[in-house]
Structures are given as C-alpha cells and as structure tokens.
Amino acid sequence: MQAVFNPVNQETWVRKPYFDYYYQTIKCKYNINANIDISLLLEETKKKGLKFYPTFLYVIMRAVNQNPEFRMSFDENGVLGTWNHVVPSYTIFHNDDKTFSDVWSEYKEEFSDFYQIIQDDIETYKDVKGIKARQGRPANFCPVSALPWLSFTGFNQDTYSESSLLFPIIRFGKYFTENGKTQIPVSVFVNHAIADGYHTCKLVNDIQDFADKVKNWI
C-alpha cells in the first residue's frame with residue numbers, strides 16, 4: 001500500500017484551536033490504560049496455531065488505521081497532515097543478552113498478509129542487535145511494543161526534550177485470567193494536540209471490538 005500524506009486545511013480544520021492550545025500554549029501529553037478482553041481472540045489464535053504477538057499487533061494496527069487522529073504527523077517541511085495509513089514499528093526481544101531491537105513492517109489490511117509479513121520480518125531480523133534492527137523506517141509509523149513479563153495496571157513515560165511526534169505510542173503487557181476472562185493490559189500514550197479523551201477511548205474500544213469480532217477477519 002503506497003503511503004500518501006494529505007496536508008490539513010488550516011482554514012477549515014475544526015480542531016485547529018485545540019491543536020494550537022495543546023501543542024503551543026499548554027504542551028500536554030497523556031496516558032490511558034485499559035484491560036482488553038482477549039478471551040475469544042486467544043481461543044481462535046490457539047485453535048488455528050497462530051502466534052499471539054503478530055495477531056494482537058494486527059488488532060492494534062487495524063484500530064489505529066481506522067482513526068485518522070492517530071495517523072497525523074508533520075512532513076519533512078513541518079506541514080501538518082494525515083497519512084492514509086501507518087505501519088507498525090515494533091520491538092523484538094533478544095533472550096540471550098536481554099536487549100531489544102526495533103523493527104518495522106509494511107501494513108496490510110488483510111490479516112493473512114499482515115501476519116505473514118510480520119512473521120517473515122521477525123525471522124529476518126531476530127538476530128540483528130542494536131536499537132534499530134531494520135533501517136529505513138518510513139515517516140508513517142506507529143510505535144508498538146510488548147512487556148510480556150508483567151500484567152501492569154498503569155504505564156507512563158516521559159522525555160526530557162521536546163518532541164514533535166504525534167503518533168500514539170502503544171504498549172501491552174502480560175495477559176491474565178480474572179473471573180473467567182482473559183485480559184491484557186494496554187497503554188496508549190497520546191499527544192493531546194491531536195486527540196482528546198473521546199478519541200483515545202474510541203481507539204481503545206476499537207481494539208476491543210476487533211478482538212471480539214476475531215471470527216470476522218482471522
């Protein structure tokens with residue numbers, strides 16, 4: 001899928017005063033943490049002999065890509081706009097030295113295509129050490145990573161320098177069973193300039209919806 005960047009029309013964009021306020025006046029970013037019920041998703045994944053990581057990565061990317069707020073960024077000239085899609089930029093863990101590397105893959109809306117691409121790229125770069133295992137990451141990327149060692153109840157992060165990143169940063173942890181349901185903690189780090197609580201809650205609810213309707217796409 002070819003990446004296309006569409007500049008925002010500043011004259012008609014309804015969100016412009018909110019963007020200016022939270023990007024320039026009060027620089028604000030926030031986290032929302034939620035548990036996603038993956039009972040049906042995990043059942044289907046195991047039934048078909050699929051790996052959970054690329055499958056859940058697909059669920060996340062489908063949800064992100066159907067919400068334009070989370071496809072926004074600046075281009076190389078500092079122009080604000082929206083990509084027609086974003087690709088996953090995700091982490092792989094090196095068990096021998098307990099380090100990680102970042103890998104990106106092309107995005108495909110069809111699950112079987114997406115799954116195969118992720119599997120192939122993980123196999124290709126699994127032994128490549130360093131923060132960036134795969135070079136040439138495109139500008140339209142969404143960072144996703146896993147913390148499979150802990151069922152966290154909250155996750156926060158911060159930096160000590162200014163960042164123009166507008167894409168969400170998504171983390172998910174170790175899934176657990178409670179009251180007969182299997183759940184997984186998910187954290188979404190958001191730049192308030194491009195998304196309010198409504199938009200981020202919709203993203204989380206969309207992730208849940210795709211997990212619930214797994215039989216429609218797997």
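Worth knowing before you read on, the calculation uses all heavy atoms, side chains too, and leaves out hydrogens, waters and symmetry mates.
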Quick one: do the [X] and [Y] side chains pair a donor with an acceptor below 3.5 Å?
X: Asn33; Y: Ser187; answer: yes
X: Ser145; Y: Arg171; answer: yes
X: Tyr23; Y: Ser164; answer: no

Does [X] share a hydrophobic cluster with [Y], counting links as ILVMFWY side-chain heavy atoms below 4.5 Å and allowing steps through other members?
X: Leu165; Y: Tyr22; value: no
X: Phe189; Y: Phe155; value: no
X: Trp217; Y: Ile36; value: yes
X: Met1; Y: Tyr115; value: yes
X: Val64; Y: Phe74; value: yes

Mark yes or no for whether [X], through its side chain, and [Y], through its backbone, hold a donor-acceptor pair below 3.5 Å.
X: Asn205; Y: Cys201; value: yes
X: Asn67; Y: Ala63; value: yes
X: Asn9; Y: Trp13; value: no
X: Asp196; Y: Tyr198; value: no

- Task: Check Asn35, Asp37, Leu41, Ile184 against Tyr175 for a side chain to side chain contact (heavy atoms under 4.5 Å, CB included) and give me the one that passes.
- Result: Ile184
- Message: Which residue is it: Ile170, Ile118, Asp102? I am looking for the one with a side chain to side chain contact (heavy atoms under 4.5 Å, CB included) to Tyr90.
- Response: Ile118
- Message: Pair Ser89, Arg137 - check side chain to side chain donor-acceptor pair (under 3.5 Å), show working.
- Response: CA-CA 8 Å; Ser89 179; Arg137 184 174 66 182; 3.0 Å; yes
Got a second to check how far [X]'s [atom1] is from [Y]'s [atom2], nearest 0.5 Å?
X: Tyr58; Y: Glu110; atom1: OH; atom2: CD; value: 6.5 Å
X: Asn31; Y: Thr200; atom1: CG; atom2: OG1; value: 10.0 Å
X: Thr82; Y: Met72; atom1: OG1; atom2: CE; value: 4.0 Å
X: Thr55; Y: Lys46; atom1: OG1; atom2: NZ; value: 12.5 Å
X: Lys51; Y: Leu57; atom1: NZ; atom2: CG; value: 13.5 Å
X: Ile207; Y: Gln66; atom1: CD1; atom2: CD; value: 10.0 Å

With side chains defined as the heavy atoms from C-beta onward, is the minimum distance between [X] and [Y] less than 4.5 Å?
X: Trp83; Y: Pro68; answer: no
X: Cys142; Y: Pro88; answer: no
X: Leu80; Y: Leu166; answer: yes
X: Leu40; Y: Glu44; answer: no
X: Val103; Y: Ile122; answer: no
X: Phe141; Y: Val86; answer: no
X: Leu42; Y: Phe52; answer: yes
X: His85; Y: Asn140; answer: yes

Can a salt bridge be assigned to the pair [X] and [Y] using a cut-off of 4.0 Å between side-chain N and carboxylate O?
X: Asp206; Y: Arg62; value: no
X: Asp97; Y: Lys129; value: yes
X: Asp121; Y: Lys126; value: no

- Message: Ring centroids only, cut at 6.0 angstrom: are Phe172 and Phe56 within range, meaning strictly under it?
- Response: yes
- Hey, do the aromatic rings of Phe167 and Phe70 have their centres closer than 6.0 Å? no
Of the non-hydrogen atoms in [X] and [Y], which two are nearest, and what is the gap between them?
X: Asn191; Y: Cys28; value: OD1-O, 3.7 Å
X: Pro148; Y: Lys174; value: O-CB, 3.3 Å
X: Asn84; Y: Val4; value: OD1-N, 2.7 Å
X: Ser101; Y: Gly130; value: OG-O, 2.5 Å
X: Ser105; Y: Ile117; value: CB-CG2, 3.9 Å
X: Met61; Y: Tyr107; value: CB-CE1, 3.9 Å

Using a 6.0 Å distance limit plus a 45 degree cone around the ring axis, check whether [X] lies over the aromatic ring of [Y].
X: Lys213; Y: Phe210; value: no
X: Arg15; Y: Phe19; value: no
X: Arg134; Y: Trp104; value: yes

- Message: My understanding is that only one of Trp149, Tyr53, Phe100 makes a ring-ring contact (aromatic ring centres under 6.0 Å, His included) with Phe93; could you say which?
- Response: Trp149
- Message: For a side-chain contact (heavy atoms from CB on, under 4.5 Å) check, start with the C-alpha distance between Gln183 and Ile38, then their side-chain angles and the critical distance, and finish with the verdict.
- Response: CA-CA 5 Å; Gln183 302 180 74; Ile38 56 167; 5.8 Å; no
Would the number of heavy atoms belonging to other residues, nucleotides or ligands and lying under 6.0 Å from [atom1] of [X] be above 12?
X: Lys98; atom1: NZ; value: yes
X: Tyr18; atom1: OH; value: no
X: Lys202; atom1: NZ; value: yes
X: Asn77; atom1: CG; value: yes

- Message: Applying side-chain contact (heavy atoms from CB on, under 4.5 Å) to Lys29 and Val190, what does each step give before you reach the verdict?
- Response: CA-CA 6 Å; Lys29 300 175 184 179; Val190 181; over 6 Å; no
- Task: Could you check Leu203 against Val188 for side-chain contact (heavy atoms from CB on, under 4.5 Å), going step by step and ending with a plain yes or no?
- Result: CA-CA 9 Å; Leu203 174 63; Val188 185; 4.0 Å; yes
- side-chain contact (heavy atoms from CB on, under 4.5 Å) evaluation trace for Phe152 with Leu147: CA-CA 9 Å; Phe152 59 78; Leu147 300 172; 4.0 Å; yes
